[in-house]
Amino acid sequence: LLAAEWSVRARQAKLREAELEAYPETGIGIGGEREVPANGKTMNKIGPSLQVELPIFDQGQAQIAKATAELEQAQMAARVADQKATLEVRSAREVLATASRQSTAYRDEIVPLTERNVTDAQSAFEAGDVDLLDLLTAQRNVTRARATLLTHEMHRDLARIDLARAVGGKSILESLGRP
């Protein structure tokens, strides 16, 4: 966005320069002339001088039109960059929110439930109500739930990084805190 803004400013300066070049050049000063006519008597003339350029055919319309078109193009590019950045931030925020909800659900609900199932299966196995296969299945489910939790936490952290990049810095990480 900053680069787009600088591009617009540069094009504005170029347009101002083209508009100023359309004005004729003028000059004021003191001029002198020495004349030697055929009779041999030297004449010196000193006085004020004025120099004015009269633009008859070229008044800079082409340069002004080109600079105006370049400025409009830069302004459109800046608007597109702004919209793209806005969409990128919104998308990154939504991905982060989803990943955070999934991570929280696994950490607070699913993993504790599977751990409770292992405890219940261990008690049932010791009582002889279930066989070893049921206990191992419960333990495998805990391992899978923990692995899924780690995957969701990784996705959440990657989403934080994407959001920080989208807003242009790491300050977003500091304001969000780590859950």
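Values below: all heavy atoms of this structure, side chains included; hydrogens, waters and symmetry mates excluded.
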Could you note down all residue pairs passing ring pair (Phe, Tyr, Trp, His ring centres under 6.0 Å) where residues 64-84 supplies at least one of them, sequence neighbours left out? none

Under 3.5 Å donor-acceptor pairs involving side-chain atoms of residues 115-128, not counting sequence neighbours:
residue : atom : partner : partner atom : Å
Glu115  : OE2  : Arg146  : NE           : 3.3
Glu115  : OE2  : Arg146  : NH2          : 2.6
Thr119  : OG1  : Glu115  : O            : 3.1
Gln122  : NE2  : Glu126  : OE2          : 2.9
Ser123  : OG   : Thr119  : O            : 3.1

Taking only residues two or more places apart in sequence, or in another chain, which ones meet Glu94 in a side-chain hydrogen bond (donor to acceptor under 3.5 Å, both in side chains)? none

Can you list everything that forms a side chain to side chain contact (heavy atoms under 4.5 Å, CB included) with Leu150? Sequence neighbours excluded, please. Glu153

Salt bridge (Lys or Arg N to Asp or Glu O under 4.0 Å): which pairs involve residues 129-138, sequence neighbours left out? none

Rest of the hydrophobic cluster containing Val95 (Ile/Leu/Val/Met/Phe/Trp/Tyr, side-chain heavy atoms under 4.5 Å)? none

For Arg101, enumerate each residue passing the side-chain hydrogen bond (donor to acceptor under 3.5 Å, both in side chains) test, keeping only those at least two apart in sequence or located in another chain. Thr98

What distance do Thr137 atom OG1 and Arg144 atom CZ have between them, rounded to the nearest 0.5 Å? 9.0 Å

With a 4.5 Å limit on heavy-atom distance, are the side chains of Gln139 and Leu135 in contact? yes

Donor-acceptor contacts, no H, no angles, side chain residues 67-88, under 3.5 Å, sequence neighbours left out:
residue : atom : partner : partner atom : Å
Thr68   : OG1  : Ile64   : O            : 2.8
Thr86   : OG1  : Asp82   : O            : 2.9
Glu88   : OE2  : Arg165  : NH1          : 2.6
Glu88   : OE2  : Arg165  : NH2          : 2.9

Distance col, row Ser7:OG vs Arg9:CZ, nearest 0.5 angstrom, shows 11.5 Å

Taking only residues two or more places apart in sequence, or in another chain, which ones meet His155 in a ring-ring contact (aromatic ring centres under 6.0 Å, His included)? none

Full working for side-chain contact (heavy atoms from CB on, under 4.5 Å) between Leu158 and Met154: CA-CA 6 Å; Leu158 290 174; Met154 178 190 65; 4.1 Å; yes

Point-to-point distance, once rounded to the nearest 0.5 Å, from CG of Asp157 to OG of Ser100: 8.5 Å

For Tyr106, what are the other residues in its hydrophobic cluster, where any two members join if their side-chain heavy atoms are less than 4.5 angstrom apart? Ile110, Val111, Leu149

Ser103: partners by side-chain hydrogen bond (donor to acceptor under 3.5 Å, both in side chains), with sequence neighbours left out: Arg156

Ring pair (Phe, Tyr, Trp, His ring centres under 6.0 Å) contacts touching residues 67-105 (sequence neighbours left out): none

Same hydrophobic cluster for Leu136 and Val142, using side-chain heavy-atom links shorter than 4.5 Å among ILVMFWY? no

Any chance you could measure Asp162, atom CG, to Arg93, atom CZ, to the nearest 0.5 Å? 14.5 Å

Does Val167 belong to the same Ile/Leu/Val/Met/Phe/Trp/Tyr cluster as Leu96, with side-chain heavy atoms less than 4.5 Å apart forming each link? yes

